[in-house]
Amino acid sequence: NILSISQNPAGAAQGLNLGVMKGTVTIGGVQVPLATRIIVAISNFMVSNVFAVFIGLVVLVAGGLGILGADPVVALALEQLDDFAAAALDDPATVIFSSGSTGDPKGVLLSHYNIGSNIDQVGQTFMLGARDRMLGVLPFFHSFGFTVTLWLPATLGAGIVYHPSPLDAKVIGALVRRHQVTFLLSTPTFLQNYIRRCSPEDFGSLEFVVVGAEKLPERVAVAFEDAFGIRPFEGYGCTETGGIVSGTPPLSPRPGTVGKAVPNVELRILGVDGNDLPPGQDGEIGGRGPNAMQGYSGGEPSQGRWFPTRD
C-alpha cells in the first residue's frame, strides 16, 4: 500500500503538496490530509514505496508543463507507472479525520467511488463546469476543501485559484478580481472578514457563494449581499459523506435553509428510537447515498447503511 500524509503548506510548497496528493491517489495510493494539531499513529496502512509518490508527482508536474515524454526522468517515471494497477472504484482514496461533530474525531475512510459521486452531485446541484473558476482557500484536511476544491475542478474541468489562507481578505479579494472567479466556497466567519476588508469590485465576478461548516446568520447573509450584490447560500454536509449532502440550486434558492439533498442522496428525520418522524417534528438527520463513507478506519464497514449525522 502507498500512503502519503500532508498538511496545508504555504508558498511554493503548496504546489508541491498538490502534486504529491494528486500523484498518490492517481497511482492507487491513499492520501491522508491532516490538520497540524492532529498527531496520529496509523497502523492499518504501510508506507512501502516512497518512490511511487515521487513518480506520481513527476508525471503530474510534467503534464502541467506540457513536457510529458520529453525528459528522460519523466520517461522513467512513466515506465514505472506500469507496475501499478489502476485503483478500483471501491479502493480507499483518502482517510480524512473528522472534526468531532459526530462524536470523537475519527479517521473517515472514503473510496474513489465516494469522492467521485460527491463531485458529480455537487457539479449537478450548482451547475459547475469548464466555464467556472473557483477559489480554493479551504484546507484539504477539511472534506469541503478536499472534495470540492481539490478534486472537483480537475474532474469537471473548472478553473481553480489557490491561496493557502482564507484569512488573507485583501489577497483573496485581489485574486477573485484578477482571475474573475465565479464560485466561492467559504464559511460565514470568513465572509465577515471579506465584508470588512474587500471592496465591491473585488467580488464583482462571483455568480455563486456557498458557505458551510457553521450556520449562516441572516445578518451576515444580508450584509454580504449589501456589500457585493450577491447573496450567499448554505450547503450542508459532514466528513462522513465526502463533503456535501445538500445545497441550494441556483435556479430555486430558498434563503434560510440548507437547500435540497444533492442527487442520489436520501435523507430522513429520525427520533431518539431511530424511527422516522412525521413532517414538522425535529429530530436527527439520517442519510445514505453513494457518497457515504466506507466506514471508520479500523471499524466495521458501513457503506450502504443509513448514516446518523448527529445533527
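Using modelled atom types, one finds a donor on one side chain and an acceptor on the other under 3.5 Å when comparing D311 with Y236. A donor-acceptor pair shorter than 3.5 Å can be found between the side chains of N114 and S111.
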Would V262 and I244 count as a side chain to side chain contact (heavy atoms under 4.5 Å, CB included) if you check the C-alpha gap in whole Å, the side-chain angles of each, and the deciding distance to 0.1 Å? CA-CA 8 Å; V262 296; I244 293 183; 4.0 Å; yes
Begin with the C-alpha distance, continue with both residues' side-chain angles, and end with the deciding distance and a verdict on side chain to side chain contact (heavy atoms under 4.5 Å, CB included) for I285 and R310. CA-CA 7 Å; I285 300 172; R310 307 289 193 272; over 6 Å; no
Side chain to side chain contact (heavy atoms under 4.5 Å, CB included) between V95 and V108, intermediate numbers included: CA-CA 5 Å; V95 178; V108 176; 5.9 Å; no
In sequence, state the C-alpha distance, the side-chain angles, and the governing distance for Q294 and Y113, and then conclude on side-chain hydrogen bond (donor to acceptor under 3.5 Å, both in side chains). CA-CA 10 Å; Q294 289 187 321; Y113 183 65; over 6 Å; no
Go through the steps for T248 and E234 under the test side-chain hydrogen bond (donor to acceptor under 3.5 Å, both in side chains), then give the verdict. CA-CA 7 Å; T248 302; E234 291 183 80; over 6 Å; no
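Under a 3.5 Å cut-off, the side chain of K260 and the backbone N or O of S246 do not form any donor-acceptor pair. The backbone N or O of A88 lies less than 3.5 Å from a partner atom in the side chain of D91, making a donor-acceptor pair. Judged by distance alone, the side chain of T241 and the main-chain N or O of G237 form no donor-acceptor pair under 3.5 Å. With H142 contributing its side chain and F144 its backbone, the two residues share a donor-acceptor pair below 3.5 Å.
Checked against side-chain contact (heavy atoms from CB on, under 4.5 Å), S205 has the following partners two or more places apart in sequence or in another chain: V176, Q180. For E201, the side-chain hydrogen bond (donor to acceptor under 3.5 Å, both in side chains) partners are S199, not counting sequence neighbours. Checked against side-chain hydrogen bond (donor to acceptor under 3.5 Å, both in side chains), E266 has the following partners two or more places apart in sequence or in another chain: R288. For D168, the side-chain hydrogen bond (donor to acceptor under 3.5 Å, both in side chains) criterion is met by H163, not counting sequence neighbours. When the side-chain hydrogen bond (donor to acceptor under 3.5 Å, both in side chains) test is applied to D282, no partner is found at least two apart in sequence or on another chain. Qualifying salt bridge (charged side-chain N to carboxylate O under 4.0 Å, His left out) partners for R268, counting only residues two or more places apart in sequence or in other chains: D276. Applying the side-chain contact (heavy atoms from CB on, under 4.5 Å) criterion to P166, with sequence neighbours excluded, gives V137, F190, Y194. Considering only residues two or more places apart in sequence or on other chains, V210 meets the side-chain contact (heavy atoms from CB on, under 4.5 Å) condition with F126, F183, L185, F208.
Legend: salt bridge (charged side-chain N to carboxylate O under 4.0 Å, His left out) pairs involving residues 114-143, not counting sequence neighbours, sorted by first then second residue: R131-E207. Applying the ring-ring contact (aromatic ring centres under 6.0 Å, His included) rule to pairs touching residues 263-295 yields nothing, sequence neighbours excluded.
Here the OG1-CE distance, from T94 to M293, works out to 13.5 Å after rounding to the nearest 0.5 Å. Between the CG atom in L135 and the OG1 atom in T149 there is a gap of 9.0 Å [rounded to 0.5 Å]. Taking CG of L150 as the start and CD1 of I160 as the end, the distance is 9.0 Å to the nearest 0.5 Å. Between T147 atom OG1 and L152 atom CG the span is 8.5 Å, to the nearest 0.5 Å. In this structure, F146 CZ and L110 CG are separated by 8.0 Å, a value rounded to the nearest 0.5 Å. The distance from the CG atom of N118 to the OG atom of S143 is 8.0 Å, given to the nearest 0.5 Å.
Summarising the geometry of P263 relative to Q121, their closest heavy-atom pair is O-NE2, 3.0 Å, with the distance given to 0.1 Å. The two residues P188 and L216 make their nearest non-hydrogen contact at CG-CA, 3.8 Å. The heavy-atom pair separating F203 from C198 by the smallest distance is CZ-SG, 4.1 Å. Residue Q281 comes nearest to I269 through the heavy atom pair O-CG2, 3.8 Å, listed as atom of the first residue, atom of the second, then distance. Residues N291 and S117 approach most closely at N-CB, 4.1 Å, considering heavy atoms. Scanning all heavy atoms of the two residues, the minimum distance from V209 to L206 falls at CG2-CD1, 3.9 Å.
Linking Ile, Leu, Val, Met, Phe, Trp and Tyr residues whenever their side-chain heavy atoms come within less than 4.5 Å leaves V245 and L270 in two separate clusters.
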Give every donor-acceptor pair under 3.5 Å between a side-chain atom in residues 219-233 and any protein atom, sequence neighbours left out.
from : atom 1 : to   : atom 2 : distance (Å)
R231 : NH2    : E218 : OE1    : 2.8
R231 : NH2    : E218 : OE2    : 3.1

